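First comes the structure, then the notes that go with it.
Note that the structure is predicted; figures quoted are calculated from it, not measured. Side chains included, hydrogens not; waters and symmetry mates left out as well; all remaining heavy atoms used. Chain naming here is simple, since letters A, B, ... match the order of the sequence lines and numbering starts at 1 in each.
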There are 2 protein chains.
Amino acid sequence: MAAESELNTGLLLFIPYRALENRIFAALAEAGFDDFTPAQARVLQRVGPDGTRLTELAEQAQVTKQTAGFLVDQLEKAGYVTREPDPTDRRARLIRLAERARAAQPVAAAVVAEVEREWEEHLGKRRMRQLREALTVLREITDPWA
Amino acid sequence: MAAESELNTGLLLFIPYRALENRIFAALAEAGFDDFTPAQARVLQRVGPDGTRLTELAEQAQVTKQTAGFLVDQLEKAGYVTREPDPTDRRARLIRLAERARAAQPVAAAVVAEVEREWEEHLGKRRMRQLREALTVLREITDPWA
DNA sequence: CCAAATTAGTCAGAGACTCTGACCACTGTC
DNA sequence: GACAGTGGTCAGAGTCTCTGACTAATTTGG
């Protein structure tokens, strides 16, 4: 609610985050991956290589499992994920990345690499390293599930 | 879509941002300011001390002006903002903070200060300063409207 | 072993958010 | 003073998210 020269750290964190997200989204759309929404992407991003349970996705994305289920439905219809029974627990099902998601990964990774390179160029190697180090340490007390 | 030890910088930025936002939201709710939503808060946060036009709020919050108008309607009904004619342009109206928003500000500010103190304690003064400096410089190339 | 508590997920319904498209009122320019 | 541009609203639809209630499978305690 203020706009003095010293922004609060939260907004300072958010600004580059959103810039990166926008870039990724635009690049994916340009590459033909324009059939999913930001909300779906936030869930998709958290599907692990060996599959992930719905409840776990919901926790990490900080939504209810109903919401996560709804989003996974869309992603499944669009061919980005599959649902398979979890061999270790017959109540559960594992969400796995499908072909279309694996095709999108390199595109997203390339943009992330490109943006990080731009940032490093602007900040300088030293400050970029300091930024990542500080954020990594900060994660210890701000990441509720890790 | 990956979970190696080295997270991409975007996620690293997002984790503490969300942690801070959650803290602010919880504190405001506990203080009785529980009658607004996150989406409304993101708009409210951007109302300047001398009032701000709807279009400007929309740009900064990265939503359409229709969406911003919808959110301002809610905030107005809940007593957080007022709409007044802009003396310099009869098409425009200035959104201004109302009493209830001014009452909430110190609560939010206190939480931000508290969280920043915790972060500084965990990171150390030096790394905290480096973090803020890097983010401030990064803003130069990631903040589209500033 | 079995009853109770817990956990994984779904279904139903409602509210909140966001968009596109169409539109009106005012401003600034030539 | 027409006209392109800007500030804002109205209408309608699609998306996201939640609460509450429920089923099925697992885990726990006696």
Side-chain angles (χ1 to χ4, degrees), chain A residues 18 21-22 25-26 28-29 33-48 50-78 80-96 145, chain B residues 18 21-22 25-26 28-29 33-48 50-78 80-96 145:
Chain A
R18 188 173 57 182
E21 195 180 61
N22 287 344
F25 216 74
L28 285 171
F33 299 103
D34 57 355
D35 53 349
F36 61 88
T37 66
Q40 291 165 24
R42 281 193 286 276
V43 166
L44 185 58
Q45 202 179 10
R46 286 168 168 87
V47 176
D50 302 322
T52 306
R53 291 188 186 175
L54 188 64
T55 306
E56 204 178 337
L57 288 179
E59 279 171 11
Q60 293 181 34
Q62 293 198 3
V63 295
T64 61
K65 51 188 180 172
Q66 293 91 323
T67 298
F70 173 81
L71 295 170
V72 167
D73 283 346
Q74 321 293 321
L75 287 168
E76 196 176 17
K77 275 177 204 150
Y80 286 98
V81 301
T82 57
R83 277 193 242 233
E84 298 170 20
D86 182 336
T88 72
D89 187 336
R90 263 190 296 172
R91 291 168 302 178
R93 300 161 76 184
L94 287 176
I95 319 295
R96 290 180 184 281
W145 91 278
Chain B
R18 187 172 58 183
E21 194 180 64
N22 286 345
F25 216 75
L28 284 171
F33 299 104
D34 57 354
D35 54 349
F36 62 88
T37 65
Q40 291 164 25
R42 282 192 286 274
V43 167
L44 185 58
Q45 204 180 7
R46 287 169 168 87
V47 177
D50 302 322
T52 306
R53 292 188 187 173
L54 187 64
T55 307
E56 204 177 339
L57 288 179
E59 278 170 11
Q60 294 182 33
Q62 291 198 2
V63 295
T64 61
K65 50 189 182 174
Q66 293 92 322
T67 298
F70 173 82
L71 295 170
V72 168
D73 284 346
Q74 322 291 320
L75 288 168
E76 196 175 16
K77 275 177 202 151
Y80 286 98
V81 301
T82 58
R83 276 193 242 234
E84 298 170 20
D86 183 334
T88 72
D89 189 334
R90 263 189 298 173
R91 290 169 301 179
R93 298 162 76 184
L94 287 175
I95 319 295
R96 289 180 184 282
W145 91 277

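- The backbone N or O of B/Phe70 lies less than 3.5 Å from a partner atom in the side chain of B/Gln74, making a donor-acceptor pair.
- If you check every strand for non-hydrogen atoms under 4.0 Å, A/Asp86 touches nothing.
- Using a cutoff of 4.0 Å between basic side-chain nitrogens and carboxylate oxygens, B/Arg83 and B/Glu76 are scored as salt-bridged.
- Ring centroid separation for the pair B/Phe36 and B/Phe25 comes in under the 6.0 Å cut-off.
- The distance between atom CG of A/Asp73 and atom P of D/dT15, rounded to the nearest whole Å, is 13 Å.
- Taking every heavy atom of residues 61-69 of chain A and every atom of DNA chain C, pairs under 4.0 Å involve A/Lys65, A/Gln66, by number.
- Remark: the B/Arg91 side chain and the D/dT6 base include a donor-acceptor N/O pair separated by less than 3.5 Å.
- Remark: P of D/dT15 and CG of A/Asp35 are 12 Å apart, rounded to the nearest angstrom.
- Set against C/dT7, C/dG9, D/dG8, the side chain of A/Ala92 has C/dG9 as its closest nucleotide.
- The closest donor-acceptor contact from the side chain of B/Thr52 to the backbone of B/Gly48 lies under 3.5 Å.
- Comparing D/dA25, C/dA8, C/dA16 by their closest approach to the side chain of B/Thr37 singles out C/dA16.
- With DNA chain C read from its 5' end, the first of the two nearest nucleotides for B/Arg90 and A/Leu94 is the one closest to A/Leu94.
- Residues B/Arg96 and B/Glu84 are paired through a salt bridge, judged by an N-O separation under 4.0 Å between the basic side chain and the carboxylate.
- Here D/dT15 presents its P atom at 15 Å from CZ of A/Phe36, a figure rounded to the nearest Å.
- Taking atom CZ of residue A/Phe70 and atom C1' of nucleotide C/dG9, one finds them 16 Å apart after rounding to whole Å.
- Considering only side-chain atoms of A/Leu54, the nucleotide from D/dA25, C/dA8, C/dT10 that sits closest is C/dT10.
- B/Arg83 has a side-chain polar atom (N or O) that falls below the 4.0 Å cut-off from OP1 or OP2 of D/dT9.
- One N or O on the side chain of A/Arg46 and one on the backbone of A/Arg42 form a donor-acceptor pair closer than 3.5 Å.
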